[in-house]
Protein chains: 2
Amino acid sequence: MNKLREGGIDTAAATAAAPQSLAAGRALPQAGTGTLGKAISVLDIVASAEEPMRFTDILAISDQPRGTLHRQLSNLVEEGLLSINRDHSYSLGLRLLKFAAKAWAGNQFRTIAEPHLKTLHEHTGETVHLGVLRGTEVIYLDKVESRQAVRMYSQIGNASPVFCTGVGKAALSVLPDDTLHKVVASINFRRFTDHTLVTPEQLMADIEAIRASGNSYDREEHELGIRCVAAPLYSKDLSFVAGVSVTGPAYRVSMEMLESWAEMVRKTALEIMDDMRTRLGPRT
Amino acid sequence: MNKLREGGIDTAAATAAAPQSLAAGRALPQAGTGTLGKAISVLDIVASAEEPMRFTDILAISDQPRGTLHRQLSNLVEEGLLSINRDHSYSLGLRLLKFAAKAWAGNQFRTIAEPHLKTLHEHTGETVHLGVLRGTEVIYLDKVESRQAVRMYSQIGNASPVFCTGVGKAALSVLPDDTLHKVVASINFRRFTDHTLVTPEQLMADIEAIRASGNSYDREEHELGIRCVAAPLYSKDLSFVAGVSVTGPAYRVSMEMLESWAEMVRKTALEIMDDMRTRLGPRT
DNA sequence: ATATCGAGTTCCACTATTTGGAACACAATT
DNA sequence: AATTGTGTTCCAAATAGTGGAACTCGATAT
């Protein structure tokens with residue numbers, strides 16, 4: 001099997017099937033590619049826990065035998081991907097920070113999108129997000145807001161569920177049906193607010209509407225008092241699928257206002273895509 | 001060998017000997033622990049390149065055979081740790097962002113230090129940094145400054161050389177001699193400015209001064225026009241060694257001002273250590 | 001003191017995965 | 001059409017990972 005050539009729709013499908021740790025829910029340990037996959041799967045277990053986990057806790061979730069798990073943890077620690085606390089609990093290692101800083105700074109997509117996000121922010125005055133689809137999660141790549149009081153890491157890199165975020169639903173809307181069905185089938189629906197869409201049917205209906213209009217909305221589905229409009233963004237071959245959104249507090253931003261921004265958000269998405277095509281080669 | 005029990009000085013030693021990618025300089029590929037180590041080593045090669053590298057470029061640096069390297073890259077891509085661009089070049093994957101966001105948010109040390117950093121910033125009005133020692137690099141964990149205009153990721157997670165940063169030299173000063181010599185021996189000295197210390201002798205002399213006073217200074221050694229005072233910070237068993245610093249532009253911050261802040265910086269470091277001892281158990 | 005229990009660690013014969021040389025595709029160049 | 005450079009695939013041999021069971025250590029109970 002050719003693994004590197006998983007371009008196009010296959011990538012999206014593979015991504016959807018990739019090991020996932022539901023942002024809110026139980027982590028489903030799922031072995032990945034060989035030895036590395038198993039190690040990363042252990043890392044993921046530690047990452048998706050709220051509190052640092054101890055050996056036995058991890059043992060219970062990963063279905064690895066004691067000896068094996070112990071060695072995997074040792075290796076992870078030795079590589080700096082995990083660190084072990086005095087009380088034998090594990091936390092993610094600092095080496096990850098270094099990698100992530102490079103990953104972020106070097107991300108071509110983000111670099112290209114950045115000025116467009118700023119423009120969109122200037123026109124709307126509200127917070128602008130850029131997030132990419134990864135399995136059943138959206139990973140936020142960038143954020144532009146006026147008051148930079150909130151710390152960057154509190155948002156960037158964060159993973160949120162696809163089914164209840166504007167960016168997530170926008171991204172889903174551009175997937176071809178077969179891929180979409182696979183992704184939707186693997187979503188772990190969870191109610192966050194009274195407005196959360198909690199069944200595949202509700203989500204699919206919304207996605208149809210998004211496909212028709214080109215915009216998705218988060219109607220306080222993830223967090224009470226928070227609304228957004230978003231538009232999808234993708235490479236021609238769907239090797240990546242993302243979304244831009246304008247988010248604001250419900251008391252200040254009415255649905256009508258969001259609707260009035262919808263076209264601008266779509267336009268921003270198109271402009272970013274144009275820029276990518278011209279700067280990363282015409283076949284993008 | 002017991003890998004998990006590498007507490008105390010051994011950890012520092014192990015860290016010093018760990019695979020490293022010099023922040024500025026050539027990456028020295030160095031195989032790590034088994035299969036995982038090799039994979040991470042490949043990741044590191046990609047991470048320490050300025051531009052995305054293509055297969056052959058990586059092949060030249062990693063001394064792995066073609067077939068092997070190809071599979072390693074495939075696995076890394078499949079795990080989302082690496083992503084492959086259209087032109088067959090590799091960049092770091094977005095999954096790393098998710099891991100790092102958790103690593104940062106969950107870092108106990110950082111959480112405890114944060115309020116102290118803020119206080120220090122309020123007293124001095126200049127930028128405060130918190131960085132930890134990792135091999136011959138310092139990884140910045142946090143940053144407090146007035147104008148949050150600069151984006152977070154541009155600094156946090158960044159790795160800088162130990163030998164020409166205040167935080168780095170402060171951290172080195174608390175290592176026991178044998179460990180210190182090992183670390184210094186593996187430093188790749190490189191001149192950044194006219195003031196950079198470029199020989200082990202110069203560095204060791206400075207470290208003696210730091211040991212005597214309890215403060216290190218960066219006298220425009222890393223970047224022209226930038227100065228700082230720092231103080232070391234460490235756990236009793238040296239399982240981690242770090243530093244706090246106050247940094248400012250030379251035109252505004254004279255050496256005299258830095259000296260007047262020196263005691264306050266030391267005090268901040270002590271307070272953070274106290275806090276850690278009380279909150280993470282007395283043996284810390 | 002001594003026994004008991006739980007948590008973490010180590011050991012080593014067995015086995016599955018990784019290895020790496022060489023052959024194979026594919027594209028761009030000559 | 002031939003050549004060169006790059007990336008990809010294959011498979012027997014070698015290596016590294018596996019996992020059950022035994023062991024150590026510390027805390028709690030007797």
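Just so we're on the same page: letters track the sequence lines, and every chain starts at 1. On a predicted model such as this, the values are computed, not experimentally measured, just so you know.
Atoms CZ and NZ, from B:R86 and A:K236 in turn, are 9.5 Å apart once rounded to the nearest 0.5 Å. Atom CG in B:L81 sits 8.5 Å away from atom CG in A:L96 (nearest 0.5 Å).
One finds no side-chain N or O of B:S74 lying less than 4.0 angstrom from the OP1 or OP2 phosphate oxygen of D:dT8. Contact annotation: B:H88 does not reach the phosphate of D:dG7 (side-chain N/O to OP1 or OP2, under 4.0 Å). Applying the 4.0 Å criterion to OP1 and OP2 of D:dG7, one finds that B:R54 has a side-chain N or O inside that range. The side chain of A:K38 contributes no N or O atom lying less than 4.0 Å from OP1 or OP2 of C:dT17. Note on B:T68: a side-chain N or O is less than 4.0 Å away from OP1 or OP2 of C:dG20. Considering only side-chain N and O atoms, A:H70 lies under 4.0 angstrom from the phosphate OP1 or OP2 of C:dT9. Phosphate contact (OP1/OP2 of D:dG7, side-chain N/O of B:T56, threshold under 4.0 Å): present.
For B:R66 against D:dG7, a side-chain N or O and a base N or O form a donor-acceptor pair under 3.5 Å.
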Show, in sequence, the C-alpha distance, side-chain angles and deciding distance for A:Y234 and A:F240, and conclude whether the ring pair (Phe, Tyr, Trp, His ring centres under 6.0 Å) test is met. CA-CA 6 Å; A:Y234 49 92; A:F240 85 93; 8.4 Å; no
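Cation-pi geometry between B:R190 and B:F192 is satisfied (NZ or CZ under 6.0 Å from the ring centre, within 45° of the ring normal).
In this structure, of C:dT19, C:dT9, D:dT18, it is C:dT9 that holds the atom nearest to the side chain of A:F55.
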